[in-house]
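Comments concern the structure below.
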Amino acid sequence: MPTKKTFRDGSYYRSVWMGKRTVKEGECAAIWDMSGERKKIEGPQRVRLWFSHVRFLDKHTADQSQYLVAQYRNGRREHMRGPISLFFDPCVHESVQCKDAYKLDANEALVVYNEKATAAAASPDAITLELSSNGEAPQKGLKVGDADLRQVSRRIVNGPAIFIPSSDEWVHEFSWHGSFPNGTGIDGTGSKTGSLGDTKRPHAVKFEKLRSMPDQMYYSVKDVRTKDDAQITVHLMLFYELASIEKMLDSTNDPIGDFINAASADVMTFGAAHTYESFLQETSTLSEIATFPILSQRMEQTGYKLM
């Protein structure tokens with residue numbers, strides 16, 4: 001026998017000709033009368049019904065490390081920081097979701113964008129400028145409202161922190177080169193340094209939190225040709241550190257992809273300058289930063305430091 005619910009939720013909907021309902025404390029109900037008018041009853045309360053429709057409402061709750069995202073039917077959106085509870089009203093809300101706040105450690109950061117109306121948009125005389133089809137001087141266009149002229153600003157949120165974005169903010173999602181899932185290559189191997197286990201592919205890693213601490217990655221440069229036309233594969237372990245987030249954001253969309261290309265160019269140049277035997281003898285120089293001038297320059301341009 002199924003267990004009865006202590007509190008009724010949105011799954012409860014009844015059409016009542018004549019009767020009554022008790023809305024307990026902790027419950028909320030929406031009641032429509034014969035004219036279609038709705039009233040919301042929050043318990044504890046007992047109501048009498050006459051040719052009415054009654055629906056109990058779902059309750060959404062967020063704790064101290066969460067927030068509620070309420071999307072209203074008029075298009076407005078609101079973020080409410082917990083602890084808070086809210087009843088989903090189908091006449092008012094399009095949806096209500098509970099989301100976890102961003103918890104940042106000491107070496108983590110978020111890139112947050114904020115959209116605000118510009119001074120021009122606030123003016124009733126704001127107009128757009130449009131180029132004519134023949135490329136002549138700009139001409140006055142139609143007047144625009146606040147939604148057409150908006151300014152987007154960017155800021156960095158550094159940890160340690162618990163961050164909850166406001167309704168006009170969003171967090172940047174990064175999509176970088178990365179390894180295959182579970183550290184396996186297309187051949188099914190699990191090695192990070194052998195076979196294809198360290199093969200990188202575009203958009204393999206999607207994340208929102210940046211780590212501003214020393215990091216490393218494995219990468220294999222394949223088909224390196226020496227001076228005597230020998231073909232070898234060079235396995236690399238690159239150590240680097242993110243020094244400037246702002247510089248990285250302004251310089252690249254995928255720094256790992258840039259590092260892979262730059263490291264490959266340096267290794268190809270190194271291999272072309274040696275025979276197979278001299279390459280083996282000079283392998284230790286691949287551990288020196290001076291051997292990777294292109295990689296070092298590209299890291300400096302993108303706000304990173306080669307270690």
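Residue numbers start at 1 and run along the sequence shown. Computed from a predicted structure; not experimentally measured. No hydrogens, no waters, no symmetry mates; every other heavy atom, side chains included, goes into these values.
- Applying the side chain to side chain donor-acceptor pair (under 3.5 Å) criterion to Thr252, with sequence neighbours excluded, gives Asp258.
- Checked by atom type and distance alone, the side chain of Arg73 pairs as donor or acceptor with a backbone atom of Pro90 at under 3.5 Å.
- For the pair Lys209 (side chain) and Lys103 (backbone), a donor-acceptor distance under 3.5 Å is present.
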Task: Stepwise side-chain contact (heavy atoms from CB on, under 4.5 Å) test for Thr291 and Asp266 - done: CA-CA 7 Å; Thr291 310; Asp266 285 324; over 6 Å; no

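- There is a side-chain donor-acceptor pair under 3.5 Å between His53 and Tyr13.
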Open item on the list: Working note: Ile260 + Met217, criterion side-chain contact (heavy atoms from CB on, under 4.5 Å); need CA distance, chi angles, decisive distance, verdict.
Closed with: CA-CA 10 Å; Ile260 290 172; Met217 73 172 180; 4.2 Å; yes

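- In Asn253, the CG atom is not crowded: 12 or fewer heavy atoms of neighbouring residues, nucleotides or ligands sit closer than 6.0 Å.
- Remark: side-chain polar atoms of Ser278 are not paired, donor with acceptor, to backbone N or O of His274 under 3.5 angstrom.
- The 12-atom threshold is not exceeded at CZ of Arg211, counting heavy atoms of other residues, nucleotides or ligands nearer than 6.0 Å.
- More than 12 heavy atoms of other residues, nucleotides or ligands lie within 6.0 Å of NZ in Lys206, so this atom counts as buried by the packing criterion.
- Between the side chain of Gln45 and the backbone N or O of Thr22 there is no donor-acceptor pair closer than 3.5 Å.
- Not counting sequence neighbours, the partners of Asp228 by the side chain to side chain donor-acceptor pair (under 3.5 Å) test are Thr226.
- A donor-acceptor pair is defined here as one N or O able to donate and one able to accept, closer than 3.5 Å; no such pair exists between the side chain of Arg8 and the backbone of Phe56.
- With Thr283 contributing its side chain and Phe279 its backbone, the two residues share a donor-acceptor pair below 3.5 Å.
- Across all their heavy atoms, Ile84 and Met80 have their closest contact at CD1-CB, 3.8 Å.
- In this pair, Phe163 and Tyr102 present their aromatic rings tilted. The plane angle is within the 30 to 60° band.
- No more than 12 heavy atoms of other residues, nucleotides or ligands lie within 6.0 Å of NE2 in His203, so this atom counts as exposed by the packing criterion.
- Put simply, the side chain of Asp105 never gets that close to the backbone of Pro160: no donor and acceptor are under 3.5 Å apart.
- Taking the six-membered ring for Trp and the full ring otherwise, Phe259 and Tyr304 have centroids separated by under 6.0 Å.
- Checked by atom type and distance alone, the side chain of Asp254 pairs as donor or acceptor with a backbone atom of His177 at under 3.5 Å.
- Thr302 places a side-chain N or O within donor-acceptor distance of the main-chain N or O of Met299, the cut-off being under 3.5 Å.
- Ring geometry, Trp170 versus Tyr113: the interplanar angle falls under 30°, so the pair is classed parallel (tilted spans 30 to 60°).
- Heavy atoms from other residues, nucleotides or ligands lying under 6.0 Å from CD of Glu277 number 12 at most.
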Open item on the list: With side-chain contact (heavy atoms from CB on, under 4.5 Å) as the criterion, how do Asp250 and Arg154 come out once you've worked through the C-alpha distance, each side chain's angles and the decisive distance to 0.1 Å?
Closed with: CA-CA 11 Å; Asp250 294 334; Arg154 184 181 68 197; 3.0 Å; yes

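- Counting only heavy atoms from C-beta outward, the side chains of Asp33 and Trp50 never approach each other to under 4.5 Å.
- Tyr72 meets the ring-ring contact (aromatic ring centres under 6.0 Å, His included) test with His93; sequence neighbours excluded.
- Residues Val69 and His79 have side chains in contact (heavy-atom distance under 4.5 Å, counting atoms from C-beta outward).
- Atom CD of Glu173 sits in a crowded spot, with more than 12 heavy atoms from other residues, nucleotides or ligands closer than 6.0 Å.
- Smallest separation of non-hydrogen atoms from Val23 and Ile41: CG1-O, 3.9 Å.
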TODO: Starting from the C-alpha separation in whole Å, work towards a yes-or-no answer on side chain to side chain donor-acceptor pair (under 3.5 Å) for Gln71 and Arg77.
DONE: CA-CA 5 Å; Gln71 181 66 51; Arg77 186 177 60 186; 4.7 Å; no

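- Atom CD of Glu37 has 12 or fewer heavy atoms from other residues, nucleotides or ligands within 6.0 Å.
- No donor-acceptor pair under 3.5 Å is formed between the side chain of Gln297 and the backbone N or O of Ile294.
- Across Thr61 and Cys98, no two heavy atoms sit closer than the pair O-SG, 3.5 Å.
- Two different hydrophobic clusters hold Leu86 and Phe7 under the rule that ILVMFWY side chains link at heavy-atom gaps under 4.5 Å.
- Around CZ of Arg48, the count of heavy atoms belonging to other residues, nucleotides or ligands within 6.0 Å does not exceed 12.
- Under a hydrophobic clustering in which Ile, Leu, Val, Met, Phe, Trp and Tyr are joined whenever their side-chain heavy atoms come within less than 4.5 Å, directly or via other members, Trp32 and Phe87 fall into different clusters.
- A salt bridge does not link Arg81 with Asp63: every distance from a Lys NZ or Arg NE/NH1/NH2 to an Asp or Glu carboxylate oxygen is 4.0 Å or more.
- Look at Glu169 and Arg155 and you find a salt bridge, because one of the NZ, NE, NH1 or NH2 atoms lies within 4.0 Å of a carboxylate O, short of that distance.
- Checked for salt-bridge contact, Glu300 and Arg298 miss the test: no charged N lies under 4.0 Å from a carboxylate O.
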